[in-house]
*Asks:* 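Starting off with a structure, shown below.
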Number of protein chains: 2
Amino acid sequence: MNTKPVYLIDDDAAVRDALALLMLSHGYTVRAFESGETFLAAIQADSEGVAVLDVRMPGLSGLDVFDRLREQDSELIVIFLSGHGDIPMAVQAVKQGAFDFLEKPCSEQALLNKIDDALEVALGRQASRGNQHEAEKRLATLSPREREVMERVLAGKLNKQIADELNIAIRTVEVHRANVFAKMGVRSALDLAQLLAAR
Amino acid sequence: MNTKPVYLIDDDAAVRDALALLMLSHGYTVRAFESGETFLAAIQADSEGVAVLDVRMPGLSGLDVFDRLREQDSELIVIFLSGHGDIPMAVQAVKQGAFDFLEKPCSEQALLNKIDDALEVALGRQASRGNQHEAEKRLATLSPREREVMERVLAGKLNKQIADELNIAIRTVEVHRANVFAKMGVRSALDLAQLLAAR
DNA sequence: TGCAGCATTGTGGTTAACCACAGGCGGACA
DNA sequence: TGTCCGCCTGTGGTTAACCACAATGCTGCA
């Protein structure tokens, strides 16, 4: 069973409680909120998991909350629940990256299936983001000069070309080049390019 | 004005004619079909452009036609028109890659805007596919042995390692390596990796 | 003031890639 | 049978990458 949380946001307490109990009984980690405002105040920018969002809520609507999440590049996977939605709204939400858009009332099994699917996607994203994060951390250790040399190495230039361009000795290029490779944990320009392409 | 065709598929002649005239009057290249069957029989697997698809048609429905297009990896951009669609249908179509899902009747201006947007997407895809196609063509010129060597070059192995693995002389690895670079139009393993990553 | 980090440079030696020139064999096809 | 293509190999030479060992200078900070 996946340990990533499912955030449930619905102003209707009866619905919220029923869905929360359903999810809890299926082993999910659940956090419930009565409004978009309280939900947004509680999460971090780097929170991961699935958000089940009611569209129609006083104050911030589900779509407003979704906009906020997109603004902060949130990694949360969003499933909309709507009792009064229409096709244009649903199509737009999905085109903007929502994972799904379900009509209320929907079958419990269908919702649970969607949540399972969404949690799998969240897991896949975590793995890919781990690689990205590591590469970024290593890149941050490079000095300005090392970065200049790295760009030219990745452009396929010879050390002597780089030396000409930067007005330094070939030996200095070699030193920077070796430093870049060491800090990035690679052994060749090819290795480095592939590391950076994979993020 | 974009020269890529807009394919209009609707069994209702009145609607089809009205929309066709609208599009023609805005300078689009239009081809109209009364059924999914006639449309599918008329296009090629590599046809490009925008398909405006009515959902509800006798014989093959718009969704059936969309399935066929996806099966043949068609490059056509699909906009659905639906008089009786619902949210789950719309959400599924968009999640499966349809460009949009509009309800009939829809404003002429909205439809024209969507078609413009879709044609832009089609253009962007053509450029990116041109690169991809060229790389694939070059890849197809490689002999089996050259391909074996290329994989190991891209894995960052030394020529002498490759020679050991394939039980051949280092000089032979060099020959294959040179042949691969020449056929692929690159000058280094880095160049090659970047060419293949860009497709 | 001393130390760390960054940038720089030289010398000499090794390894690897690259290739011109040369050659051979086997299979497929006209 | 002759030609083409793919696969293979050796020799000798050049260029480029890599680095151990050694050294200098500048800046920022405790």
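In the text below, chain A, chain B and the rest are named by the order of the sequence lines, each starting its count at 1.
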*Asks:* Compare side-chain N and O positions of A/H176 against OP1 and OP2 of C/dT8 and report whether any pair is under 4.0 Å apart.
*Replies:* yes

*Asks:* Among D/dA16, D/dT9, D/dC18, which nucleotide has an atom closest to any side-chain atom of A/F181?
*Replies:* D/dC18

*Asks:* Considering only NZ, NE, NH1 and NH2 on the basic side and carboxylate oxygens on the acidic side, decide whether A/D54 and A/K104 come within less than 4.0 Å.
*Replies:* yes

*Asks:* Taking the side chain of A/R177 as its heavy atoms from C-beta onward, which of D/dT9, C/dT8, D/dA17 lies nearest to it?
*Replies:* D/dA17

*Asks:* Rounded to the nearest Å, what distance is computed from the CG atom of residue B/L158 to the P atom of nucleotide C/dT14?
*Replies:* 19 Å

*Asks:* Give the rounded distance in Å between these two atoms: NZ of A/K160 and P of D/dT15.
*Replies:* 8 Å

*Asks:* Which of these, A/V121, A/V6, A/V52, sits in a side-chain contact (heavy atoms from CB on, under 4.5 Å) with A/I77?
*Replies:* A/V121

*Asks:* CD1 of A/I162 versus C1' of D/dC18: gap in Å, rounded?
*Replies:* 14 Å

*Asks:* Using a 4.0 Å heavy-atom cut-off, does A/S143 contact any base of the nucleic acid, only the sugar-phosphate backbone, or nothing at all?
*Replies:* sugar-phosphate

*Asks:* So does A/E146 reach the base of C/dC6 with its side chain, donor to acceptor, closer than 3.5 Å?
*Replies:* no

*Asks:* To the nearest angstrom, how far is A/R171 atom CZ from D/dA20 atom P?
*Replies:* 9 Å

*Asks:* Tell me whether the side-chain N/O atoms of A/T172 come closer than 4.0 Å to OP1 or OP2 in C/dT9.
*Replies:* yes

*Asks:* Measure the acute angle between the ring planes of A/F80 and A/F101, then classify it against the limits of 30° and 60° as parallel, tilted or perpendicular.
*Replies:* tilted

*Asks:* How long is the line joining CG of A/N167 and C1' of C/dT9, in whole Å?
*Replies:* 14 Å

*Asks:* Counting heavy atoms from C-beta on, name the nucleotide in C/dT9, D/dC19, C/dA16 closest to the side chain of A/A178.
*Replies:* D/dC19

*Asks:* May I ask you to check whether over 12 heavy atoms, not counting those of A/R16, lie within 6.0 Å of atom CZ?
*Replies:* yes

*Asks:* Report the distance from atom CG of A/N159 to atom P of C/dA17, rounded to the nearest whole Å.
*Replies:* 16 Å

*Asks:* Does CD belonging to A/E108 count more than 12 external heavy atoms closer than 6.0 Å?
*Replies:* no

*Asks:* Can you tell me the distance, in whole Å, between the CZ atom of A/R145 and the P atom of C/dT8?
*Replies:* 4 Å

*Asks:* By nearest heavy atom, map B/P144 and B/E174 onto DNA chain D; which one lands nearer the 5' end?
*Replies:* B/P144

*Asks:* Round to the nearest Å and state the distance from A/L190 atom CG to D/dA17 atom C1'.
*Replies:* 15 Å

